[in-house]
Amino acid sequence: MFVKTLSAIYLTANIQDRDGAKLLFDKVKECFPRLKLVWADGGYAGKLVDWVKQFCHWVLEIVKRTDDMKGFVLLPIAG
């Protein structure tokens, strides 16, 4: 059995999650050569989707909330 250990990245409060995601993805992309798809919530939408495609060669799929969802809800994924 082969196990890879991921390191943690701690960011200051003034760094948006989607900007921190670039640091994380850049750090782990070589660890997951077969990875093709990453799901993320709407906070990661925007330019990050294109950045992930260009630099990591993955699809970053944004899973969106519906208007009737209140509080914490597990978001459905397409399948």
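The residues of the chain are indexed from 1 along the displayed sequence.
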Inset, instruction - Please name the pair of heavy atoms, one in Leu60 and one in Ala40, separated by the smallest distance, quoted to 0.1 Å. - result: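 Taking Leu60 first and Ala40 second, the nearest heavy atoms are CD1-CB, 3.8 Å.
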Legend entry - Nearest non-hydrogen partners of His57 and Gln54, listed with the distance: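 Shortest heavy-atom separation between His57 and Gln54 comes out as CE1-O, 3.5 Å.
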Inset, instruction - Walk me through it: do Asp41 and Val63 pass the test side-chain contact (heavy atoms from CB on, under 4.5 Å)? - result: CA-CA 5 Å; Asp41 67 26; Val63 181; 5.9 Å; no
Inset, instruction - For the residue pair Val59 and Val38, establish whether any side-chain heavy-atom pair is separated by less than 4.5 Å. - result: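 A side-chain contact under 4.5 Å is absent here.
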Side-chain polar contacts of residues 17-26 - donor-acceptor pairs under 3.5 angstrom, sequence neighbours left out - could you list them?
residue : atom : partner : partner atom : Å
Arg18   : NH1  : Gly43   : O            : 3.2
Asp26   : OD1  : Lys29   : NZ           : 3.3

Inset, instruction - Carefully, step by step, assess Trp58 and Leu37 under the rule side-chain contact (heavy atoms from CB on, under 4.5 Å). - result: CA-CA 6 Å; Trp58 304 331; Leu37 174 65; over 6 Å; no
Inset, instruction - Only counting residues at least two apart or in another chain, list the ones meeting side-chain hydrogen bond (donor to acceptor under 3.5 Å, both in side chains) with Asp50. - result: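 side-chain hydrogen bond (donor to acceptor under 3.5 Å, both in side chains) list for Asp50, sorted by chain: empty.
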